[in-house]
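Accompanying notes for the structure given below.
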Amino acid sequence: MDSAAIVGVGMTAIEKNKIRDGFADMVWEAVNLALDDAGMTIDDIDNVVTTSNDFWDGRTISCMAVSDASGAREKNVSCVEGDGTFGAFYGLTRILSGSYGTTLVTAHSKGSESVSSLITNAAFDPIYQRAIGMDMVSACAMQANAYMHRSRTTPEQLARVSVKNHGNARHNPKAQLPMAITVEEVLASEMICDPLHKLDCSPVSDGCCAMIIAAKDRVGTAAKPPVWIKGAAFCADAFHLGDRDLSRAAALTRAAKKAFDMAGITDPATQVHVAELYDAFTYQELMWLEAMGLCADNQAGHLLEAGVFDIDGTLPVNASGGLLSGHPVIAAGLIRMAEVVRQLRGEAGGAQAKDPTVGVAQGVNGLCGQSHCVWVLSAES
Amino acid sequence: MSDTEHVIIESGAARQPFNYAVGLHGSRFLQELRDHRRFMAVKCPRCAKVYIPPRRVCGACFVEMDEFVEVGPQGTIGTFTILRYAFIDPETGVQKPVPYGYGFIRLDGADTLFQHYIDIQDESRVKIGARVEPVFADERKGTVKDIRCFRIID
Amino acid sequence: MGKQRVAIVGTGQTFHKSHRPDVNGQELINEAVGRALVDADLTIRDIDAIVIGNMDHFEGINYVDCWSVDGSGGFMKPVIKLTTGGTTGSTLAIGGYHMVASGLFDRVLVIGWEKNSESDTTGAITTAFDPVWDRLVFAGAISGLAAEAQAYMARYSATDRDGARVSVRDRKHACNNPYTQLRKEVTVDEVLASPMLADPIHLLDVCPRSDGACAVIMAGEHIAEKITATPDWIWATANRHTYTYLGDANFGRLDSLAAASREIYAKAGIREPAKEIGVIELYQPYSFAGIMWIEDLGLTGYGQGAEFVWSGATDMDGEIPINPSGGVIACNPIGATGLIRCAEAALQIMGKAEGHQVPDVDLALSTGFGGCFWSDILLHGRRKPDF
Amino acid sequence: MNNSLKHIEPMVHHSQINVPYTWWAGDTAGRFLKTLRDEQTIMGTRCNHCARVTVPPRKTCPTCFTENQTWTAVSDQGTVVAFSVARRQLAALVKKVPVIFALIRLDGADTALLHTISQVDPAEVTIGMRVRACFSKDAGATIMAISHFVPTN
């Protein structure tokens, strides 16, 4: 697939609490950065897709807050609820349908404004589950246990993900938590929910990302070389955690296979050069790597220890610092895509992988990775 | 077990607290209202439209705005209704007493309307185009409720 | 893979009611999905992707796309959620269109739903408005609409009898639609005698609260005609959002609908919409909109909407029947409502509207409206579009 | 940032969303919950197509998407397939920490039920552990009619 490309990306700094900024302020900043990046003005944008979540934003029809700031006035605009990768997917279809030549996609969230435990508790079924009192952390901790039990992954290996990603974030001026830490420090940090320590969990964050996707015949007008969309797919698993094999991400496996098939990739572990994955918790990076076929089953922990996923490894993973270093939900997946774009353009500075031409990005919706969206991007058409 | 009994699950005391950032444009407005009983609107540098409440971006022009202009405090009723059915205010969980006036005020000098309550002591005087002035709350805290309502002055 | 034309090949609705204690939300969704699959003679295995939406704070469930897979059939399929408030249903239809038109999917299931009986509707609607500027003094959706009607009446000297005439029309049409909620004829005098909610809106001028779901199956052009002999071709889609804060609205006009409809007419080469379009399913949450918004749609000149409605032109046997289904005034499961308009327009094109069928419809229009003055439009045709 | 706003103190509006919900359980979940309350029995549904027994029950088989289901009682004992132990008192938690959350596959069921385990040292909980349900008479027809699970010995 070579019909569309990413021609501009922009993101705010990821911070704990952007007290000066409302949603529109963040979107305005990210959109203007994306337009500058693309060498475009708002008049070059044919349509807009904003991405937000009514629960996180504390507002029904949360997208209303950002329609002016995203330049959607007098344009066709739509609003996806969920991770930004899903917003980008809808934006892509609006180009492939032939209706529009360019789509501006935004995704924003301010975790600082709400109580995330209550927001994610509301994702549990109100009749069968909610009163039990779970949230995203306690659910994912359960999945971490199931994954570790099956794959024999150790707490030290989980901690190593945190060490790597916080360390990588030191090269990313927009990251919230750049840190030089040790495995021992991760394991000594507060136990939030067994087996997840505080440093196994991503922080609460504010941030916004914007992206401009263009049809093939419009990429020539952009300021920078296009990053081509070679494959994109998404898939949802069962809702009830007890209906799934929680130690595996079957929906991710399916979405990744479809995206790789579209891109003509037969051996992702060798043909992908850089990956930005949804590491909301340390175990997720390892579990998603295996589920996507970026490494063999039960091997992610060992390969991590061998340095394969370091910036100078053979498959750098979350060279940006990942979500562990800043996690504005909803924007999170779109930021992963933007970071892959930066890598493929050679703009990642100290986090730059060596000459990558193919990268993957992933976004997640729902509890314990129920629904995934996978993007395969390439510097080459 | 009764087959006709429909089971209901209730949310009970569950609620979601929020700390909404007002933004700097809005903060300036609320502080002027609280401290000086002044209405500060913002003017678009391109189309010259005067917006209240002030906001950062003119949606029509896609430009940032930073020229504040004082508007009001008097204005005219742009449109209105008189609410006669009661509902639960989701913020307080309590019903507001009805009837009450609810309208959109065109403050002198502003191009957009300002939503608020309208005093309806004499319903016959409440009409589109009627002149109004704000009635301020005794204790002002920096919210739009620092205005109690608008009252008819002609 | 490649872009392709899109048609609706099946629709399904629940029997919309004030409350459905016998089913949870997933099961409600499932009823509509099941009927749409039967209508298209497909199984869930034939569906490539699902587009779903509602308004979160009506049911208090986060990540509904994920939660609903038991009912939607989304297990191990691509599922995406779109939400734009009152326009959600029509936004979903536009989303389904692009998903199929992109060539990435051939058969897409579009689902809109709401169980309004599970929350305080006005309380939940209030959460849709800006927490700092609008929410503190917001007086419910009906008050906003009432302010719009007041502005229109002042500008064009319309009366509450004009509004009542629209309610009489839609409530009469609803009697022919077994799926809708309120099926009782009323007179103009009965509308005017019903309790005043917010001047000038009486109880019988507005929509009820509803539980309901609607599902629509869209297919790419190379298979649509194999699925049904009478596909409903989607000719064009358009939308506009103009809201920033409530006080920004141009009260008395729906600028977003005017702009979106002009885009549609330009795409399809329509010059005289009232003559060229056969039927309209208008997202009309209260009666006065039935006068005002047909002017914004260009069916008649500004200030002439009431006269147009009184002439009978929008009745079932008129020049351009509006809301043969009974419209939103007869039932309003909000997240489904816009999609119901789309499904009803499809039924008219496909000739499946039974008791409320308008004869020989070649072109139909369905719209969506959001409480913040947003508009969506889809143009449906019996003939495959040649553009 | 422009000059006119340089010295403005950013404000935060403290608020809440306080909309009450009354969810209809529906006939299927309603029967499950009433049976819990009235008979302290855990019911599932067996799909007549794929033969999987789903607990909690569903009107439609989640995998086959058919309504062809038979009600069947499952055991109140089962096996832990996943668990976590909440140590920090996050807002959603109803009970005081530590709270042990678990997915429990009841004997006779093919899917696992989400609930809590009590009366055990969290350090002793393992995947594969056997547990049984304890019922509560005060919780009405809710999922808390199972108050928690305990180890079987």
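Naming: A, B, ... by sequence-line order, numbering from 1 per chain. Owing to the predicted nature of the structure, the values given are computational and were not obtained by experimental measurement.
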Side chain / backbone / both / neither for C/Ser117 at chain D, heavy atoms under 4.5 Å: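 Interface part for C/Ser117: both.
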Part of C/Thr121 within contact of chain D (heavy atom distance under 4.5 Å): neither
Donor-acceptor contact below 3.5 Å, side chain D/Trp24 vs main chain C/Glu118: no
Contact summary for D/Tyr21 and C/Phe58, nearest pair of heavy atoms: CE2-O, 3.5 Å
Heavy-atom pair of closest approach, residues C/Ser119 and D/Val19: CB-CG1, 4.0 Å
Heavy-atom contacts under 4.5 Å, residues 132-142 of chain C to chain D: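 The residues closer than 4.5 Å to chain D, in numerical order, are C/Val132, C/Arg135, C/Leu136.
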Residues in residues 32-48 of chain C that sit under 4.5 Å from chain D, counting heavy atoms only: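 Under the 4.5 Å heavy-atom cut-off, C/Val33, C/Leu37, C/Ile44 qualify.
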OG1 on C/Thr127 to CG on D/Asn18, rounded to 0.5 Å: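 Here the rounded value is 11.5 Å.
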Per-residue contacts, residues 44-67 of chain D versus chain C, heavy atoms under 4.5 Å: D/Arg58, D/Lys59, D/Thr60, D/Pro62, D/Thr63, D/Phe65, D/Glu67
Pick from C/Asp120, C/Leu28, C/Asn30 with the largest number of heavy-atom pairs that fall under 4.5 Å of chain D: C/Asn30
Sequence neighbours left out, cut at 3.5 Å: what donor-acceptor pairs do the side chains of residues 74-81 of chain D make with other protein atoms?
residue, atom, partner, partner atom, Å
D/Ser75, OG, D/Gln77, N, 2.8
D/Ser75, OG, D/Gln77, O, 3.4
D/Thr79, OG1, D/Arg130, NH1, 3.0

